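Everything below concerns the one structure shown next.
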Amino acid sequence: MVMEAIPFVLVGVLISGFIQAFVKDNWIARIMPKNRVLAILFGCGIGMFFPSCECGIVPITKRLINKGMPLHAGIAFMLTGPIINPIVLFSTYIAFGNDWEMVGIRAGLAVAVAFCVALIVSLTFKELPFRVQDGQAAAGTEQVSVRRGRSVPIGKKMYEVIVHAIEEFFSVGKYLVFGAFLAACMQTFVPTSYLLHLGSNPVTSSLVMIALAFLISLCSEADAFIAASFRSTFSVGSLSAFLVFGPMIDIKNTLMLLGTYRSKFVFVLIALVTVFTLAGSLIVGRIFG
């Protein structure tokens, strides 16, 4: 798991570094829609342009929010980014036998869940729920802004990118390693056959697949191949729950979130994602069952 996730964490922290060094605060504020609903839809859509799985999306989201993106738009981006980016959608297409139906179901359900969760978050949390307000980062941003006024050389900006990426990598990396260890323990000591036995009706079937997605903690680029192996056992609805919940919330991702955001915010986020994923998977099961 660690070896699978590290490349995407590196991509995430490098993108975060580029955002820190090259993206001006007022630029994000200028392109962000003022309307709450449009801002959430904007956050859902830009994930298509970030080839990062859930392992690297947390530092990118934190940096965008620190740069002025509203919390609700950032959460929408964080939840959809690991699912609707082209790499993940193409891997889903291949995993399900070159069938676009499951690709559409996965992307559509992900956007619907992220939209509902982000909307409730925007109404519930009025302040940024970061565990530690990054005063050092803020000071660094001010220094960068001052230097930009004097036309900072590209070499210094690239140095900033590397320094920021290294600091972010070691900050996030410890949660990744510990989360992967916990997920490996779950896979070793919790029999998958026991979970499969619980999936006897649509509700418990989706709940079992949600639990499985959380425990296995696969990267979103690979989880579609695991989901496809359950096609003979689980319905389309429960498979969609697996494909949507896992990239949004899993063990390693949860620990990264707890290292970045306050515990109350993380637990509310997990609860909302669980409820809306379950509800959405039941609707998908009725339509495509």
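Computed from a prediction, not measured in an experiment: that's the story for all the values here.
- Separation of atoms CD1 (Ile210) and CG (Asp250) is listed at 13.5 Å; rounding is to 0.5 Å.
- Closest approach of Ala110 and Met248 over heavy atoms only: O-CE, 3.5 Å.
- When side chains are defined from C-beta on, Leu79 does not count as touching Val113, because their heavy atoms never get closer than 4.5 Å.
- Ile40 is not connected to Ile46 by any chain of hydrophobic side-chain contacts under 4.5 Å among Ile, Leu, Val, Met, Phe, Trp and Tyr, and they are in different clusters.
- In this structure, Val275 shares a hydrophobic cluster with no other residue, the cluster being traced through Ile, Leu, Val, Met, Phe, Trp and Tyr side chains under 4.5 angstrom apart.
- Looking at Val37 and Leu41, their side chains come closer than 4.5 Å, going by heavy atoms from C-beta outward.
- Rounded to the nearest 0.5 angstrom, Ile60 CD1 and Met69 CE are separated by 11.0 Å.
- Atoms OG and CZ, from Ser91 and Phe96 in turn, are 10.0 Å apart once rounded to the nearest 0.5 Å.
- In the hydrophobic clustering of this structure, Phe225 groups with Leu89; members are Ile, Leu, Val, Met, Phe, Trp, Tyr whose side-chain heavy atoms approach within less than 4.5 Å, directly or through other members.
- Transitive grouping of hydrophobic side chains (ILVMFWY, heavy atoms separated by less than 4.5 Å) keeps Leu128 and Leu119 in distinct clusters.
- Not counting sequence neighbours, the partners of Ser281 by the side chain to side chain donor-acceptor pair (under 3.5 Å) test are Ser206.
- Here the OG-CG distance, from Ser238 to Leu212, works out to 10.5 Å after rounding to the nearest 0.5 Å.
- Cluster membership check: Leu109 does not share its hydrophobic cluster with Phe115, using side-chain heavy-atom separations under 4.5 Å among Ile, Leu, Val, Met, Phe, Trp and Tyr.
- Pairs of residues two or more places apart, or lying in two chains, that qualify as salt bridge (Lys or Arg N to Asp or Glu O under 4.0 Å) and include a residue from residues 106-125 are Arg106-Asp223.
- Nearest approach of Leu38 to Pro33, heavy atoms of both residues: CB-CB, 3.7 Å.
- Note on Ile283: it clusters hydrophobically with Val208, by side-chain heavy-atom contacts below 4.5 Å among ILVMFWY residues.
- Pro247 is not listed as a side-chain neighbour of Ile57, based on a closest heavy-atom distance of 4.5 Å or more.
- No donor-acceptor pair closer than 3.5 Å links the side chain of Thr277 to the backbone N or O of Thr274.
- Looking at heavy atoms from C-beta onward, Met78 lies in side-chain contact with Leu269 at the 4.5 angstrom threshold.
- To the nearest 0.5 Å, the span separating OG1 on Thr80 from CD1 on Ile75 amounts to 10.5 Å.
- Using cut-offs of 30° and 60° on the angle between ring planes, the pair Tyr261 and Phe130 is parallel.
- Of the inter-residue distances, the one linking Lys264 atom NZ with Thr124 atom OG1 reads 8.5 Å to the nearest 0.5 angstrom.
- In the hydrophobic clustering, where aliphatic and aromatic side chains (Ile, Leu, Val, Met, Phe, Trp, Tyr) are joined below 4.5 Å either directly or transitively, Leu123 stands alone.
- Leu243 approaches Ala224 most closely through the heavy-atom pair CD2-CA, 3.7 Å.
- Between Phe265 and Leu257, every side-chain heavy-atom pair lies at or beyond the 4.5 Å cut-off.
- Contact detail for Val88 and Ile83: the closest heavy-atom pair is CG1-O, 3.4 Å.
- By the side chain to side chain donor-acceptor pair (under 3.5 Å) test, Ser263 is found to be paired with Arg131, residues two or more places apart in sequence or in another chain being considered.
- Contact record, Ala39 with Met32: CB-SD, 4.0 Å, taken as the closest heavy-atom pair.
- Contact check for Ile162 versus Met158: no side-chain heavy atoms found under the 4.5 Å cut-off.
- Under the side chain to side chain donor-acceptor pair (under 3.5 Å) criterion, Arg231 pairs with no residue at all, not counting sequence neighbours.
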